[in-house]
Structures are given as C-alpha cells and as structure tokens.
Number of protein chains: 2
Amino acid sequence: MAVIRRLPRYYRYLADLLRVDIKRISSKELSERMGITASQIRQDLNCFGGFGQQGYGYNVETLYKEIGKILGVERRFTTIIIGAGNMGNALANYENFKKRGFDLIGIFDISPNRVGQYINGIEIMHMDRLEEFMKTHVVDIAILTVPSHATAEVAEKVAELGVKGIWNFSPQDLKLSHNVVIENVHLSDGLAVLGYRIKEMEEQEQKKKDKQN
Amino acid sequence: MAVIRRLPRYYRYLADLLRVDIKRISSKELSERMGITASQIRQDLNCFGGFGQQGYGYNVETLYKEIGKILGVERRFTTIIIGAGNMGNALANYENFKKRGFDLIGIFDISPNRVGQYINGIEIMHMDRLEEFMKTHVVDIAILTVPSHATAEVAEKVAELGVKGIWNFSPQDLKLSHNVVIENVHLSDGLAVLGYRIKEMEEQEQKKKDKQN
DNA sequence: TAGATTGTTAATCGATTAACAATC
DNA sequence: TAGATTGTTAATCGATTAACAATC
C-alpha cells in the first residue's frame with residue numbers, strides 16, 4: 001500500500017519527462033529528481049513487473065503507460081458530488097479529474113438556493129432525487145462535501161445504494177460496514193501539521209541564535 | 001513524524017468525546033473507537049509525556065488540551081491565499097481554519113475579473129501588490145491554489161519574501177532552497193488511489209464469484 | 001567486449017505490537 | 001488490598017536501503 005500511494009507521484013514525474021521529450025531515464029536520475037533513493041524506485045517498480053532494461057534504464061513512455069494501467073487510468077469511473085458548497089463547487093470545476101478518468105454525472109444538495117442551478121453544465125439536484133438517480137445510473141464514486149454532522153448519514157445511504165468508493169472531505173472519519181472503499185481527505189489535519197512544523201522550525205532557529213550569543 | 005501526523009486525528013476524537021461529555025478514557029476504549037491498537041496510543045502519547053494515570057486512563061479534557069499545545073493550537077498563524085479560483089474560494093470560506101488558529105489576511109490573483117471582489121470580507125488584491133503587502137504584514141503561511149505552471153514561480157517569490165510555510169494545492173511538487181516548510185496536498189493523487197482500490201476490490205469480488213461457479 | 005543499470009537478495013532501519021512491571 | 005491501566009522495554013513486523021550478480 002505504501003508503494004501504491006507513491007504511484008501517482010511517479011506517474012506525475014513521468015508525465016513531466018514526456019512533456020520535455022525525455023525518452024529514457026535511469027533509476028538514479030529519477031531518484032535525484034524525485035528526492036528518493038534509486039533503490040526504492042527499482043524496488044517499487046519491480047512490485048509490478050520488470051519494466052526496465054539492464055544497462056539502459058527505463059523507457060519513459062512505456063513506464064508511464066504501465067503505471068497508468070496499474071492505477072486504472074484507462075478505466076473510467078462515474079462520480080457524483082454530494083454537497084454543492086464551496087468545496088463541492090471547486091471539485092466540480094476541476095477539469096483534471098475528467099482527464100484522469102473520473103466523470104462527474106450528478107451533483108446533489110438540499111439547499112433550495114442551490115438546487116436547480118448548474119455547475120459546469122450539470123444541474124444540482126435535490127437529495128430527494130438521489131435514490132432514484134442511483135437506481136437508474138451506475139455510480140462508482142460519491143464525493144462527500146457535506147457538513148460533518150450530515151456525513152455519516154449520507155455515507156450510509158450511498159453505500160446502501162451501491163456506491164463502490166467514497167471520497168470524504170468532511171473532518172469526520174467514516175466507518176462503514178458495507179464493502180466500500182473510503183478515502184478520507186481531512187484537509188485541516190494537513191494544515192495542523194503544517195502549523196506544527198513551522199512552530200518546530202522556529203524553535204530550532206531560536207536555539208541556533210541562543211547558541212551564537 | 002508518523003506520530004505527528006496522527007495527532008490531529010487524536011485531537012478530533014478527543015473533541016468528539018468532550019462534546020458528548022465523556023470525562024475519561026482508557027487507551028483500550030479509544031483504540032476501539034479509532035481502529036488502532038491500544039499499544040500504539042500509549043506509545044504515541046508517551047512521545048510527548050505521561051498524560052495518563054495508571055489504573056484510571058486519560059482525562060479527556062487534559063489530554064485534549066495537551067495535544068492542542070503540541071500542535072500549536074493556541075498559537076495563531078496568519079495566512080494568505082494566492083489564486084482566487086474555485087479552490088482558493090473554497091478555502092477562503094472554510095470557517096474551521098479560523099477556529100484552528102489560522103487567520104486569513106489577504107487574497108491575491110491576477111485575473112482582472114477577480115481583483116477587487118470580496119471573498120468572506122477580504123478584498124482580492126492583484127499580485128502586483130503582493131510584495132508590498134508582505135513587507136508590511138507578517139505572513140506565516142501562503143496557501144497556493146494557482147495553476148500548476150505558475151506554482152514554482154509564486155512559491156519562490158513568497159519564500160523570498162519570508163513566508164514560513166507553504167500549503168500547496170497544485171499537482172506540481174515544490175522544491176525550495178529556502179528554509180520553508182512545505183505541505184503538498186495533491187488531491188488528485190488521492191482520487192487515483194481511490195480508483196486503484198476500487199479496481200482491486202472489484203477484481204477480488206470477481207475471483208470470489210469465479211470460485212463459486 | 002566493457003560499461004551501465006537493472007532485478008533481486010540481504011542488511012538495516014524504523015514503526016508497530018506484545019508483554020509486563022510499576023503504580024494509581 | 002485488588003483491579004485496572006499506564007509507561008516502558010522487548011519482540012515483531014514491514015519498509016527502506018545497500019549490495020551485487022545478471023544482463024542488456
């Protein structure tokens with residue numbers, strides 16, 4: 001799983017290399033660009049098969065395609081967004097998702113102000129219509145951008161209606177009995193860690209200064 | 001660092017306990033709620049000091065406050081958002097940040113359509129004014145929600161102007177020579193992993209079915 | 001053939017879990 | 001005092017790094 005979570009990063013770096021027309025790359029050079037060891041790169045890539053060639057390195061295009069295959073980039077996933085607030089809006093407008101195989105097919109909310117409006121060409125529907133919608137469409141992924149107090153209930157509902165994965169943006173952790181894959185985002189956790197690390201850096205700099213005096 | 005990244009999660013769970021008026025908790029009970037081992041909880045908490053009491057467990061309020069102290073919740077950080085697109089907008093409107101000690105004091109963009117508008121009571125300024133602004137205000141954290149091609153340049157600039165931390169939402173990894181703490185978010189990496197895990201789950205279910213026939 | 005670089009095994013490191021004495 | 005539960009040490013597990021033979 002540690003390896004899996006690194007794959008999108010490899011994929012990004014390889015895309016960059018393709019863009020500047022670099023045809024081949026050794027684990028050593030890639031390691032310098034990415035700031036990890038060459039050993040780890042070879043180890044990681046070998047989990048999925050021998051994509052390289054001794055004495056040559058890796059063909060960038062081949063490797064890019066192979067990692068894409070592993071990540072399932074060729075496969076398309078249908079998604080719906082539940083919660084058309086600011087975050088839901090931002091995600092609905094994120095063009096990159098479509099490029100990466102994620103098709104937004106529905107947006108839901110409960111606020112009368114929002115229902116009926118369009119985001120990126122998709123009508124915001126009332127939550128009342130969720131069940132009907134999910135029974136007439138295959139929905140792979142539900143993106144939850146609802147207030148935390150509503151998260152558990154909504155998650156339970158989409159799980160029952162057969163969603164395969166949930167991308168959860170509320171600070172509330174999700175636990176479901178159903179057979180559903182969950183990725184929690186927890187943005188504010190990341191911000192908290194950033195704050196901690198700044199505090200730590202400041203303290204170390206203070207110590208340095210104290211030493212000098 | 002593995003421990004640090006778990007602290008915000010502990011903090012959230014303790015806040016939940018406080019909310020339902022639970023006064024004390026044992027590592028065992030917390031472990032069941034959080035889905036990690038009691039051993040890990042005791043180990044984690046002991047990195048920062050003996051907050052518990054043998055035979056009793058942990059006092060929820062004390063522990064909550066202690067973890068808050070470690071994370072620097074009492075400290076306030078000033079932040080600016082650069083890039084007032086959909087994501088910048090969503091973050092600017094996220095009330096939780098303020099509660100957690102992060103004060104948004106400026107928003108910047110280059111689009112004439114956006115400059116001059118207000119988000120959450122804060123005027124969007126043109127990037128031209130960034131330098132002047134940062135010389136007259138202490139800015140702890142820059143939140144970057146600019147298009148990826150602009151990220152490196154903007155990051156370099158705020159680093160030079162003395163920012164202490166960068167919260168980067170562009171898919172582009174940031175590398176800086178300056179003494180700046182960086183947290184990359186890479187939302188689409190998370191989505192890619194979600195896709196992978198769904199694919200994997202489907203394959204396993206398929207195998208199960210094949211076995212049955 | 002010689003040089004380069006992989007694939008892969010073995011060694012190291014760090015993080016998690018288990019166990020239990022200390023003590024409230 | 002007896003029971004509960006921590007703090008902490010030791011054991012285990014997994015992930016990262018080093019090393020090198022295989023081979024392009």
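Chain letters run A, B, ... following the sequence lines, proteins first and then strands; every chain starts at 1.
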- Query: So, A/K199 side chain and B/I70 main chain: donor-acceptor pair closer than 3.5 Å or not?
  - Reply: yes
- Message: Measure CG/A/L30 against P/C/dT5 and give the value in whole Å, please.
- Response: 13 Å
- Task: Check the distance between D/dG7's P and B/F48's CZ and give it to me in whole angstrom.
- Result: 14 Å
- Task: Take atom CD1 of B/I41 and atom P of D/dT6, then tell me their distance rounded to the nearest Å.
- Result: 9 Å
- How would you list all residue pairs meeting salt bridge (charged side-chain N to carboxylate O under 4.0 Å, His left out) that involve residues 76-94 of chain B, not counting sequence neighbours? B/R76-B/D103
- Message: Test salt bridge (Lys or Arg N to Asp or Glu O under 4.0 Å) on A/K164 and B/E205; report intermediate values, then the result.
- Response: CA-CA 12 Å; A/K164 287 166 194 155; B/E205 280 177 356; over 6 Å; no
- Message: Could you tell me how far apart A/L45 (CG) and C/dT8 (P) are, to the nearest whole angstrom?
- Response: 12 Å
- Task: Report the residues that fulfil side chain to side chain contact (heavy atoms under 4.5 Å, CB included) with B/D16, sequence neighbours left out, ordered by chain and then residue number.
- Result: B/R19
- What class does the angle between the rings of B/F102 and B/F77 fall in, given that below 30° is parallel, 30 to 60° is tilted and above 60° is perpendicular? parallel
- Query: The side chain of A/R24 lies closest to which of these nucleotides: D/dT6, C/dG7, C/dT5?
  - Reply: C/dT5
- Message: One pair to check against salt bridge (Lys or Arg N to Asp or Glu O under 4.0 Å): B/K207 and B/E203. What are the steps and the verdict?
- Response: CA-CA 6 Å; B/K207 262 188 211 160; B/E203 279 159 17; over 6 Å; no
- Message: Classify the ring geometry of B/H137 against B/F133: parallel below 30°, tilted from 30° to 60°, perpendicular beyond 60°.
- Response: parallel
- Item | SB check A/E66 A/K69 (cutoff 4.0 Å) | yes
List every contact pair, protein side and nucleotides 11-13 of chain D side both N or O, where the distance is under 3.5 Å.
none

- Query: Among all residues two or more places apart in sequence or in another chain, which pass the side chain to side chain donor-acceptor pair (under 3.5 Å) test with A/R197?
  - Reply: B/E183
- A/D140 side chain to A/T79 backbone, donor-acceptor under 3.5 Å: no
- Item | Consecutive-pair stems (3 or more, Watson-Crick or G-U, under 3.5 Å) for DNA chain C | C:3-24 with D:3-24
- Query: To the nearest Å, how far apart are B/F51 CZ and D/dG7 P?
  - Reply: 9 Å
- Are A/K157 and A/E153 within salt-bridge range, i.e. N to O under 4.0 Å? no
Would you list the protein and nucleotides 16-23 of chain C atom pairs, both N or O, that sit under 3.5 Å from each other?
| from | atom 1 | to | atom 2 | distance (Å) |
| --- | --- | --- | --- | --- |
| C/dT16 | OP1 | B/R6 | NH1 | 3.0 |
| C/dT16 | OP2 | B/R6 | NH2 | 3.0 |
| C/dT16 | OP2 | B/Q40 | NE2 | 3.4 |
| C/dT16 | O5' | B/Q40 | NE2 | 3.0 |
| C/dT17 | OP2 | B/T37 | OG1 | 3.1 |
| C/dT17 | O4 | B/Q43 | NE2 | 2.5 |
| C/dA18 | N7 | B/S39 | OG | 2.5 |
| C/dA18 | N6 | B/S39 | OG | 3.4 |
| C/dA19 | N6 | B/R42 | NH2 | 3.1 |

- Message: Counting only side-chain heavy atoms from C-beta out, which of D/dT6, D/dC24, C/dT6 sits nearest to A/Q53?
- Response: D/dC24
